[in-house]
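Each chain gets a letter, A, B and so on, in the order the sequences are listed, and its residues count up from 1.
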Amino acid sequence: DTGVSQNPRHKITKRGQNVTFRCDPISEHNRLYWYRQTLGQGPEFLTYFQNEAQLEKSRLLSDRFSAERPKGSFSTLEIQRTEQGDSAMYLCASSFRLSGRSHNEQFFGPGTRLTVL
Amino acid sequence: GDSVTQMEGPVTLSEEAFLTINCTYTATGYPSLFWYVQYPGEGLQLLLKATKADDKGSNKGFEATYRKETTSFHLEKGSVQVSDSAVYFCALSESAVEYGNKLVFGAGTILRVKS
């Protein structure tokens with residue numbers, strides 16, 4: 001399977017615990033995006049990387065959230081001191097940015113569903 | 001900031017009925033427009049896209065035309081099937097480099113097709 005993969009698919013944790021999610025993008029995709037989707041809403045942008053550089057972070061990404069893409073391949077999203085409001089589906093997408101093109105299709109993974117008790 | 005508004009669901013249709021899901025947008029620059037679909041238990045998939053005014057995106061019998069004058073990108077299909085039951089998301093992406101091509105989504109519209 002050469003699509004975007006995310007692990008784990010489901011995570012249940014207690015309030016105050018730390019969690020980490022992993023995203024493996026499509027090989028050779030240089031851009032990687034994280035989105036959050038709550039029930040009944042569309043995905044909301046959190047942050048994105050071009051290769052290993054984190055180029056933008058949404059104001060939705062509080063100080064408790066951190067994302068990395070250390071070698072420009074897979075990425076991790078960590079949430080510290082989880083709160084019940086963090087319960088959501090966390091989606092990862094990747095694309096291959098070609099200079100001069102106005103848009104490059106993003107391919108989404110299946111998501112990690114986080115439940116904070 | 002940029003935003004996308006789409007009609008609320010759920011939309012319930014009988015098989016072979018005509019489908020329209022309305023989508024309007026607000027954007028700073030010149031966005032590309034998309035429809036994504038999420039089938040039960042699956043991830044988001046790109047259904048179709050249009051990158052400039054008057055472009056028509058089409059795929060699997062679905063169509064949408066980029067209307068800059070009405071800032072709309074309505075999704076249509078002439079004859080829906082039970083297998084089209086899913087959640088449909090309208091989205092935009094600013095084309096300017098500084099926006100990073102991030103997607104701005106609408107809230108989604110649930111489509112249910114009955115046999």
Counting only heavy atoms closer than 4.5 Å, note whether B:Q45 contacts chain A via side chain, backbone, both or neither. neither
Find out if a path of hydrophobic residues (ILVMFWY) with successive side-chain heavy-atom gaps under 4.5 Å connects A:L61 to A:L114. yes
How far does CD of A:E44 sit from NZ of B:K102, to the nearest 0.5 angstrom? 13.0 Å
Crowding at CD, B:E16 (>12 non-hydrogen neighbours, <6.0 Å): no
Counting only heavy atoms closer than 4.5 Å, note whether A:Q37 contacts chain B via side chain, backbone, both or neither. side chain
Quick one: closest heavy-atom pair of A:F108 and B:L44, and the distance? CB-O, 3.6 Å
Is A:F107 in contact with chain B via its backbone, its side chain, both, or neither, using a 4.5 Å heavy-atom distance? neither
Using atom types as modelled and distance alone, determine if a side-chain donor or acceptor of A:Y35 lies under 3.5 Å from a backbone N or O of B:L103. yes
When you look at CD of A:E68, are more than 12 heavy atoms from neighbouring residues, nucleotides or ligands closer to it than 6.0 Å? no
CD of B:E8: more than 12 outside heavy atoms within 6.0 angstrom? no
Would you say A:R64 has more than 12 foreign heavy atoms packed within less than 6.0 Å of its CZ? yes
Do you know which two heavy atoms are closest between A:Q106 and B:N101, and how far apart they sit? NE2-O, 2.8 Å
For chain B, the option from A:P110, A:G42, A:P43 that forms the most heavy-atom pairs under 4.5 Å: A:P43
Would you name the heavy atoms of B:F89 and A:Q41 that are closest together and state the gap between them? CE2-O, 3.9 Å
Neighbour count above 12 (heavy atom, 6.0 Å) for B:E69 CD: yes
Within a 6.0 Å radius of atom CG on A:L39, are there more than 12 heavy atoms belonging to other residues, nucleotides or ligands? no
